[in-house]
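Heads up: the structure comes next, in structure tokens.
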There are 2 protein chains.
Amino acid sequence: MLIEIDFRDKRPIYEQIVGRIENLMIQGIIKPGDTIPSVRSLAMELSINPNTIQKAYSRLEKDGYIYSVSGRGSFASNISSLLPGKKQEVLDKLKDIVLEASDIGMEKDELIKYIGEM
Amino acid sequence: MLIEIDFRDKRPIYEQIVGRIENLMIQGIIKPGDTIPSVRSLAMELSINPNTIQKAYSRLEKDGYIYSVSGRGSFASNISSLLPGKKQEVLDKLKDIVLEASDIGMEKDELIKYIGEM
DNA sequence: TAAGTGTACTACGAGTGATAGTACACATGA
DNA sequence: TCATGTGTACTATCACTCGTAGTACACTTA
């Protein structure tokens, strides 16, 4: 099972699926051109409604991760061009954390030290 | 106006208020013992329902930031004992970011460099 | 042709956020 | 004392999102 759902997770199911598939593609486990499980089969496998899967796939297609062909299935796109944007997103989040840390009197060095020791 | 609401913010109003007051206390702008605006006056000032303010204040009291006295008002608690927990929260978030960065092939050094240059 | 595929649509229930209104007990100051 | 302001506790209603459920249609493939 490459894709699983955590019902304790506060995020909506469709968002978990989006994140999981994005992750599998970024890690190269799903490669460009690979077939993505069909809406109905994945719904069956996860015991959730096909509409929920469709919602996730629509989002993935809109964001450029997959492309869907009516009657044939859904396939992984080449996401190499998306990586710079993803990197910037991470840096933006990191910036928020650093500002939050600053609010409670934590110095940059403390954060850097923590990262280094991970 | 120390407290404002951003209606473009996706977070619920009560959560914005909680965050804002926490922030003012952490920064020392609101000091232990200070009076917090009354439920009704803040509701009037922000043009929102008193129940929304009450919900925010209930959360703040539950989390130890303020204490409320029936008939008198709400007051800022001494939050110095809460700081270690807040620091740990920040570090936990930082950890998530680092893992996310790792997923898309970013090295720790890249993050550390970014923090250093902020 | 039959089966599997993506896609679109409506309808319903549950949960949450926010509003609206009412009510009660308490503290304070005129 | 009494009016006012305070926190607190309800109920009711509305809007929105998430998820489920069912149906339908056009397409591709074996």
Side-chain angles (χ1 to χ4, degrees), chain A residues 2-22 24-25 30 32-77, chain B residues 2-22 24-25 30 32-77:
Chain A
L2 284 179
I3 300 172
E4 288 179 343
I5 293 176
D6 181 3
F7 288 101
R8 294 166 305 181
D9 196 324
K10 289 153 271 175
R11 292 180 305 166
I13 296 175
Y14 81 95
E15 211 168 290
Q16 290 186 43
I17 295 171
V18 168
R20 183 62 180 139
I21 291 184
E22 282 183 5
L24 289 170
M25 293 182 64
I30 296 179
D34 280 0
T35 300
I36 309 295
S38 81
V39 168
R40 289 172 179 77
S41 67
L42 186 54
M44 191 86 80
E45 181 184 325
L46 299 178
S47 298
I48 59 179
N49 194 280
N51 289 338
T52 305
I53 308 292
Q54 192 196 345
K55 188 168 187 176
Y57 282 16
S58 296
R59 171 70 64 88
L60 285 166
E61 183 164 26
K62 172 176 163 289
D63 290 347
Y65 284 89
I66 69 175
Y67 60 95
S68 298
V69 184
S70 209
R72 292 195 57 215
S74 301
F75 307 90
S77 299
Chain B
L2 284 179
I3 301 172
E4 289 178 344
I5 294 176
D6 180 2
F7 288 101
R8 293 166 306 181
D9 196 323
K10 290 154 270 177
R11 292 179 304 166
I13 296 175
Y14 82 94
E15 212 169 286
Q16 289 186 45
I17 295 171
V18 168
R20 182 64 180 137
I21 292 184
E22 282 182 6
L24 288 169
M25 293 182 64
I30 296 178
D34 280 0
T35 302
I36 308 294
S38 81
V39 168
R40 290 173 181 77
S41 67
L42 186 54
M44 191 87 78
E45 181 183 325
L46 298 179
S47 299
I48 58 178
N49 195 281
N51 289 337
T52 304
I53 307 292
Q54 192 197 344
K55 187 168 186 178
Y57 282 17
S58 296
R59 171 71 63 88
L60 284 166
E61 182 164 27
K62 173 176 162 290
D63 291 346
Y65 284 89
I66 69 176
Y67 61 95
S68 298
V69 183
S70 209
R72 292 196 56 215
S74 301
F75 307 90
S77 298

Rounded to whole Å, how long is the line connecting atom [atom1] of [X] with atom [atom2] of [N]?
| X | N | atom1 | atom2 | answer |
| --- | --- | --- | --- | --- |
| Ile17(A) | dC18(D) | CD1 | P | 13 Å |
| Asp9(B) | dA18(C) | CG | P | 10 Å |
| Ile13(B) | dT16(C) | CD1 | P | 18 Å |
| Gln54(B) | dA9(D) | CD | P | 7 Å |
| Phe75(A) | dT29(D) | CZ | P | 9 Å |
| Lys10(B) | dC16(D) | NZ | C1' | 16 Å |
| Ile53(B) | dG17(C) | CD1 | C1' | 14 Å |
| Leu60(A) | dG6(C) | CG | P | 13 Å |

- Assign each of Arg72(A) and Tyr57(B) to its nearest nucleotide of DNA chain D by heavy atoms, then name whichever residue's nucleotide is nearer the 5' end.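 With Arg72(A) and Tyr57(B) compared, the 5'-side residue is Tyr57(B).
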Counting C-beta onward and ignoring hydrogens, is there a side-chain heavy-atom pair between [X] and [Y] closer than 4.5 Å?
| X | Y | value |
| --- | --- | --- |
| Ile3(B) | Glu45(B) | no |
| Lys55(B) | Ile17(B) | no |
| Tyr65(A) | Val18(A) | no |
| Pro37(A) | Tyr57(A) | yes |
| Thr52(B) | Leu46(B) | no |

For [N] and [X] - does any side-chain N or O of the residue sit under 4.0 Å from the phosphate oxygens OP1/OP2?
| X | N | result |
| --- | --- | --- |
| Lys55(A) | dG19(D) | no |
| Tyr14(A) | dC18(D) | yes |
| Thr52(A) | dT20(D) | yes |
| Ser68(A) | dT7(C) | yes |
| Ser38(B) | dG5(D) | no |
| Ser74(A) | dG6(C) | yes |

- Message: Rounded at 0.5 Å granularity, tell me how far CE in Met44(B) sits from CD1 in Ile53(B).
- Response: 11.5 Å
- Query: Touch check for Glu61(A), heavy atoms < 4.0 angstrom, all strands: base, sugar-phosphate only, or nothing?
  - Reply: sugar-phosphate
Under-3.5 Å N/O pairs linking protein and nucleotides 22-26 of chain D:
{"unit_1": "dG22(D)", "atom_1": "O6", "unit_2": "Asn51(A)", "atom_2": "OD1", "d": "3.4"}
{"unit_1": "dG22(D)", "atom_1": "O6", "unit_2": "Asn51(A)", "atom_2": "ND2", "d": "3.2"}

- Is there any salt bridge (Lys or Arg N to Asp or Glu O under 4.0 Å) pair reaching into residues 5-15 of chain B, and which pairs are they, with sequence neighbours excluded?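 Passing the test, one end in residues 5-15 of chain B: Asp6(B)-Arg8(B), Asp9(B)-Arg11(B).
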